[in-house]
Amino acid sequence: MQGHPPFHIVLVEPEIPPNTGNIARLCAATGTVLHLVGKLGFSTDDRHLRRAGLDYWHAVDIRSWQDLDGLQAAFPGGRFVYTSKSAEQAHTSFPFREGDFLVFGRETKGLPVELLAAHRDTCIRIPIFGPVRSLNLSTAAGIVLYEALRQSGRLA
């Protein structure tokens, strides 16, 4: 996977430390940059966060941003792909490309409706079958990232 531009996972105001820790571990395993945006629902020194990431923190490129606008301004050519259970397009039919920013919202509220409405063409969902209303954030991040990696040929 060396020499390829990385994917980026963006967590907007994550609330549950173990989810962020698990996603950090996912990022370490795949060479993905992790962006933490806005007010976090925990301290980055939280023991649950650190435990979920185990000994991989040194291998994760973690960047913090006050807001999503600041992140987008820092990467003006970046393509931001927004996740929502209400999006029309399934993640498997979206044409990912290397360097995409995969954006996930808060565990309890998701991303703002206005943001999703403004970017309908880059909104995706993971199909869910059964009585649950959503997937765990770290599970969702893994599903979307590995589909993006598969499409870009980085899993071969």
Side-chain angles (χ1 to χ4, degrees), residues 1-85 87 91-92 94-112 115-116 118-119 121-126 134-156:
M1 293 191 336
Q2 297 296 327
H4 294 281
F7 282 96
H8 301 259
I9 289 183
V10 179
L11 302 181
V12 178
E13 299 183 353
E15 301 165 309
I16 302 172
N19 283 339
T20 300
N22 288 334
I23 292 168
R25 187 179 202 172
L26 172 70
C27 290
T30 58
T32 300
V33 180
L34 176 58
H35 300 269
L36 302 177
V37 177
K39 186 176 191 267
L40 307 182
F42 50 85
S43 164
T44 54
D45 292 329
D46 185 288
R47 67 180 175 88
H48 298 294
L49 173 74
R50 294 282 175 191
R51 183 169 183 204
L54 292 173
D55 297 328
Y56 304 105
W57 287 103
H58 68 281
V60 184
D61 182 354
I62 301 177
R63 304 175 192 181
S64 297
W65 305 89
Q66 289 202 353
D67 54 40
L68 195 54
D69 290 339
L71 169 58
Q72 292 170 324
F75 294 90
R79 184 171 73 156
F80 290 78
V81 180
Y82 304 93
T83 59
S84 170
K85 65 181 181 179
H91 73 292
T92 52
F94 185 83
F96 292 100
R97 58 183 187 230
E98 291 182 346
D100 280 347
F101 290 76
L102 312 174
V103 185
F104 298 86
R106 292 166 48 186
E107 288 95 336
T108 58
K109 294 186 180 184
L111 293 168
L115 177 68
L116 298 171
H119 301 283
D121 58 328
T122 55
C123 286
I124 60 168
R125 67 176 167 75
I126 300 168
S134 64
L135 295 174
N136 174 278
L137 179 62
S138 60
T139 300
I143 289 169
V144 172
L145 177 61
Y146 267 83
E147 175 61 17
L149 290 168
R150 185 194 68 77
Q151 286 186 24
S152 67
R154 291 181 68 191
L155 297 180

Checking the side chain of Glu98 only, and the main-chain atoms of Pro6 only, is there a donor and an acceptor separated by less than 3.5 Å? no
Validation row: Thr20, Asn22 side chains within 4.5 angstrom (heavy atoms): no
Any idea how Trp65 and Phe75 line up, ring-wise: parallel (<30°), tilted (30 to 60°), or perpendicular (>60°)? perpendicular
Using the rule given for side chain to side chain contact (heavy atoms under 4.5 Å, CB included), can you reason through Ile143 versus His91, listing the C-alpha separation, both sets of side-chain angles and the distance that settles it, and then say yes or no? CA-CA 9 Å; Ile143 289 169; His91 73 292; 3.4 Å; yes
Side chains of Leu102 and Leu145, heavy atoms from C-beta outward: is any pair under 4.5 Å? yes
Sub-4.5 Å side-chain heavy-atom contact between Val33 and Arg63: yes
Hey, mind stepping through Lys39 and Glu13 against salt bridge (Lys or Arg N to Asp or Glu O under 4.0 Å) and telling me if it holds? CA-CA 5 Å; Lys39 186 176 191 267; Glu13 299 183 353; over 6 Å; no
With heavy-atom distances below 4.5 Å as the criterion, would you say the side chains of His35 and His8 are in contact? yes
Could you check whether any side-chain N or O of Arg125 sits under 3.5 Å from a backbone N or O of Ala87, counting only pairs where one atom can act as donor and the other as acceptor? yes
Exactly one of Leu71, Asp69, Val103, Leu11 clears side-chain contact (heavy atoms from CB on, under 4.5 Å) with Val37, and that residue is Leu71
For the backbone of Leu26 and the side chain of Thr30, can you confirm whether one donor and one acceptor N or O come within less than 3.5 Å of each other? yes
Test your reading of the model: is there a side-chain donor-acceptor pair from Glu15 to the backbone of Gly41, 3.5 Å cut-off? no
Measuring only between side-chain heavy atoms, which start at C-beta, is Cys27 closer than 4.5 Å to Ile9? yes
Tyr82 vs Leu115 side-chain heavy atoms within contact, under 4.5 Å: yes
Please identify each residue that fulfils side-chain hydrogen bond (donor to acceptor under 3.5 Å, both in side chains) with Thr122, with sequence neighbours left out. none
Phe80 pairs by ring-ring contact (aromatic ring centres under 6.0 Å, His included) with which of Phe101, Phe104, Phe7? Phe101
Asp100 (side chain) donor-acceptor with Arg97 (main chain) under 3.5 angstrom: yes
